[in-house]
Amino acid sequence: MTGILSQINSPADLRQLPMRQLEPLAAEIRELILQTVAKNGGHLAANLGVVEMTVALHYAFDTPRDTVVWDVGHQCYAHKILTGRRDSFSGLRQSDGISGFCDADESGYDSFITGHSSDSISLALGLAQAAAIDGERRHTVAVIGDGSLTGGMAYEGLDHAGHLDQRLIIVLNDNEMSINGNVGAVSARLSKLRSAGAYTRLKHGLVRGLQHMGAPGRMLFGVMRRLRDGLKSLLLPHMIFEELGFTYLGPVDGHDIKALVDMFRRAQSYDEPVLIHLHSKKGRGYAPAEQQPERYHGIAPFDPASGELLDPKSAPCYTDIFGQELCELAERDERIIAITAAMADGTGLLPFSRRWPQRFYDVGIAEQHALGFAAGLARGGKRPVVAVYSSFLQRAYDQILEELALQKLPVVLAVDRAGIVGEDGKSHQGIFDISYLRTIPDLTIMAPADGEELRQMLRLALTLDRPAALRYGRGQAAVIDACRQPLQLGKAITVREGADAALIACGHTLSIALEAAILLQQRHQLSVSVINSRFIAPLDIEALHQAAADCHGRLLTIEENVRAGGFGSACAEAVSGCGYDLRLLALPNSFIAQGRPDELRERAGLTAESVAAAVLEYWFANRQADEK
């Protein structure tokens, strides 16, 4: 690598550069991000929008002594490049490479493993308070986007920070976008703040003028301070941040490095909470991402010259099928309402939102509110469907329990990205939802094995008088002809008859089970039954007993969820004491790093070859030895 960036191995190197070199450096960083994401996939638009801000942060602050906490963390690529990971950046989001999010296990410059939104203020405030307790005088910076301000946890942090009156700097990166555009009163208020340059310019002009007038000027300055609140009420109604106890600085151009450095250094002089409001453009410097930031939020490998995907989808994915079926059902039932938490595109709800805007609600990054809102709609006679990623649904566990299940309200949870997600890594793998959902009474949990089953399950869910969750994975939907049997509540089906052992699959692991059964038949002349569980709750216990009776008590469950408390655990609890030889194949009870889904499944033993090998190891070791 040549150029200025080749000289930067740490922020200390960056701070040795003259100001005039920072803008060319930003251009080099932007190009490296573009080329790497084009090859590996990743979060492009958000990262292109914060290059100048990231350079200015590490230039103005003494990192890592001064700490920067990134909200969500999907905009940390420039940060990684500047903090010693430039040479490893080619392995972004790859197996055994670097994470696409902040990762404290990866670098001392990353304070936390991040992946979910609205938490940076709370995390940073804790760090700042710990430093104050120890008598350390250093700066703590929380970087948060305007989209993350739709999450309630951000306001809990703001409220506590204002109460503690601790040295804390919050950088509000206002790009007028979350993933699908911002919604709500907060977004409207920030629009007013962005247009409030007149107030800031007037204040600074008056202060400079009064400082040149000596004693009379100081007296007038005191009067002006007393008038300040009234002036703000006139020009900046409801200054929420200052009302919460923050000194508000800005707005400032998020792509003007000198202005940013000056603002950051100015903020360091305060011994109280400060909020810096900067305005940036998502996708900055790459025209396709500037024009379509939603499309380039998280994108698969693409051609940077044309912006087109290198491997476009050839078959519908589960998300697409869900969105299509919901539209068809909504055509016939006007009670159906769709809700998303800032993920309309990712959850397949964009077609619904365009067709029935009056029946579609994007509540922002507020999963708890989404479910509470849905509960109210259900009580009012509507049939709400909340589409949410598995890893984000975790944030609203209490609402599932208290507002939905306890009240027996007919809300449908469309749990997208369930199971291994892949390159987004530890914070995004949807591998805990079976464990945390199946403990909740009166919640029906379904897991479709292919696209058509997803359609059937959505139809069934909308007829129930209590909450239901549909759990489906990311990627292309399977097509399994053996699944074309009528769907009955709480009933599993046998899709392959056998007598030597039974594989009981949950959701899209049915394809793996069928392939494993074929391998065992062809290579070892073993007759293996395959059961499609369809339901996690209520569980078809009768089907378990029948499979055990048909297959000498040899049962093997297969799921893409952690082993602890998952589908296999449910089956083991149901037949405990029956004397069956029940074995569980599941993901390990650990966080799973980034990598291609097929690689991660192979490592976890969730492939057809691995399942076949497990059957042989558990029950037919002698036959395998004889064949060798």
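Since this is a predicted model, take the numbers as computed values, not measurements.
- In this structure a side-chain-to-backbone donor-acceptor pair under 3.5 Å is missing from Arg523 to Ala612.
- Counting non-hydrogen atoms of neighbouring residues, nucleotides and ligands closer than 6.0 angstrom, the CD atom of Glu542 reaches no more than 12 such neighbours.
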Evaluate side-chain contact (heavy atoms from CB on, under 4.5 Å) for Phe112 paired with Asp103, printing each intermediate quantity in order. CA-CA 6 Å; Phe112 298 92; Asp103 191 337; over 6 Å; no
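- Salt-bridge check for Glu453 with Arg534: passed, with a basic side-chain N closer than 4.0 Å to an acidic carboxylate O.
- Side-chain contact check for Leu556 versus Leu585: some heavy-atom pair is nearer than 4.5 Å.
- Expressed to the nearest 0.5 Å, how far CG of Leu371 lies from CG of Leu409 amounts to 11.5 Å.
- In terms of heavy atoms, Ala516 sits closest to Val611 at CB-CG1, 3.6 Å.
- Distance alone, capped at 3.5 Å, is enough to place a donor-acceptor pair between the Gln75 side chain and the Gly73 backbone.
- Listed here is the closest heavy atom pair of Gln488 and Phe535: O-CE1, 3.0 Å.
- By the 4.5 Å heavy-atom criterion applied to side chains, Leu470 and Leu458 are counted as neighbours.
- Within the 3.5 Å criterion, the main-chain N or O of Ile434 finds a donor-acceptor partner in the side chain of Asn561.
- For Ser527 (side chain) and Ala499 (main-chain N/O), a donor-acceptor pair under 3.5 Å exists by modelled atom type.
- When ring centroids are compared, His508 and Tyr472 stay outside the 6.0 Å threshold.
- No more than 12 heavy atoms of other residues, nucleotides or ligands sit less than 6.0 Å from atom CD of Glu602.
- Across every non-hydrogen atom of Ile440 and Ala405, the tightest pair is CG2-CB, 3.4 Å.
- When all heavy atoms are compared, the tightest approach of Ile431 to Ser590 is CD1-O, 3.8 Å.
- A distance-only check finds no donor-acceptor pair linking the side chain of Gln594 to the backbone of Gly422 [under 3.5 Å].
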Stepwise side-chain contact (heavy atoms from CB on, under 4.5 Å) check, Phe360 with Trp356: CA-CA 6 Å; Phe360 169 79; Trp356 294 286; 5.9 Å; no
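- Looking at Arg455 and Asp450, no side-chain N of the basic residue comes within less than 4.0 Å of a carboxylate O on the acidic one, giving no salt bridge.
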Applying side-chain hydrogen bond (donor to acceptor under 3.5 Å, both in side chains), run through Asp71 and Ser148 and close with a yes or a no. CA-CA 8 Å; Asp71 206 275; Ser148 291; 2.9 Å; yes
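- Side chains of Ser390 and Asp416 form no contact here, defined as non-hydrogen atoms less than 4.5 Å apart.
- A salt bridge is absent between Arg383 and Asp333: the closest approach of a Lys/Arg side-chain nitrogen to an acidic carboxylate oxygen does not fall below 4.0 angstrom.
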For the pair Gln546 and Asp550, evaluate side-chain hydrogen bond (donor to acceptor under 3.5 Å, both in side chains) and give the outcome as yes or no after the intermediate values. CA-CA 6 Å; Gln546 186 61 54; Asp550 294 341; 3.0 Å; yes
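- Between Arg603 and Asp96 there is a salt bridge, with a side-chain nitrogen of the basic residue lying less than 4.0 Å from a carboxylate oxygen of the acidic one.
- In this view, His545 and Ile541, Val575, Cys578, Tyr580 satisfy the side-chain contact (heavy atoms from CB on, under 4.5 Å) rule, not counting sequence neighbours.
- Side-chain atoms of Leu443 and Leu404, non-hydrogen and from C-beta on, never get closer than 4.5 Å to each other.
- For the residue pair Gln399 and Gly372, the shortest heavy atom distance occurs at CG-N, 4.5 Å.
- Between Arg438 and Asp433 there is no salt bridge, since no side-chain N of the basic residue sits under 4.0 Å from a carboxylate O of the acidic one.
- Checked by atom type and distance alone, the side chain of Ser391 never pairs as donor or acceptor with a backbone atom of Gln429 at under 3.5 Å.
- Annotation: Glu334, atom CD; neighbour count of heavy atoms from other residues, nucleotides and ligands within 6.0 Å does not exceed 12.
- With values rounded to the nearest 0.5 angstrom, Leu377 atom CG is found 12.5 Å from Arg379 atom CZ.
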Decide side-chain contact (heavy atoms from CB on, under 4.5 Å) for Ile365 and Arg395; before the verdict, give the C-alpha distance in whole Å, the side-chain angles of both, and the deciding distance to 0.1 Å. CA-CA 10 Å; Ile365 304 174; Arg395 300 158 65 98; 4.3 Å; yes
Would you check, one step at a time, whether the test side-chain contact (heavy atoms from CB on, under 4.5 Å) holds for Ile299 with Val37? CA-CA 8 Å; Ile299 191 167; Val37 175; 4.2 Å; yes
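- A salt bridge links Arg459 with Glu325; the closest basic N to acidic carboxylate O contact falls under 4.0 Å.
- Atom CG of Leu487 sits about 5.0 Å away from atom CG of Leu460, to the nearest 0.5 Å.
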Please test His428 against Phe392 for ring pair (Phe, Tyr, Trp, His ring centres under 6.0 Å), starting from the C-alpha separation and ending with a verdict. CA-CA 8 Å; His428 280 59; Phe392 297 159; 5.5 Å; yes
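- Without hydrogens or angle criteria, Asn532 side chain to Ile493 main chain gives no donor-acceptor distance under 3.5 Å.
- At a threshold of 4.5 Å between non-hydrogen side-chain atoms, the residues Glu560 and Arg601 count as touching.
- Phe101 is not listed as a side-chain neighbour of Lys426, based on a closest heavy-atom distance of 4.5 Å or more.
- The side-chain contact (heavy atoms from CB on, under 4.5 Å) search around Glu423 returns Arg93, Arg596, Pro597, not counting sequence neighbours.
- Pairing each heavy atom of Ala300 with each of Leu309, the nearest pair is O-CD2, 3.8 Å.
- The pair Asp581-Arg554 fails the salt-bridge criterion, with no side-chain N (NZ, NE, NH1 or NH2) lying under 4.0 Å from an Asp/Glu carboxylate O.
- Arg471 has its side chain out of reach of Met446: every pair of non-hydrogen atoms, C-beta onward, lies at least 4.5 Å apart.
- In this structure, the separation between CD on Glu599 and CD1 on Ile420 is 11.0 Å, given to the nearest 0.5 Å.
- Distance alone, capped at 3.5 Å, places no donor-acceptor pair between the Thr509 side chain and the Ala505 backbone.
- Within a 6.0 Å radius of CZ in Arg563, no more than 12 heavy atoms belonging to other residues, nucleotides or ligands are found.
- No donor-acceptor pair closer than 3.5 Å links the side chain of Glu617 to the backbone N or O of Val615.
- Distance check, rounded to the nearest 0.5 Å: CD of Gln407 to CG of Asp442 gives 11.0 Å.
- In terms of modelled atom types and a separation under 3.5 Å, the side chain of Gln368 and the main chain of Ala396 share no donor-acceptor contact.
- Shown here are the side-chain contact (heavy atoms from CB on, under 4.5 Å) partners of Arg474, two or more places apart in sequence or in another chain: Arg417, Val421, Asp424.
- You'll find the side chain of Leu514 stays beyond 4.5 Å of the side chain of Leu503, heavy atoms only.
- To the nearest 0.5 angstrom, Ser427 atom OG is 8.5 Å from Ile113 atom CD1.
- Within 6.0 Å of OH on Tyr618 lie more than 12 heavy atoms contributed by other residues, nucleotides or ligands.
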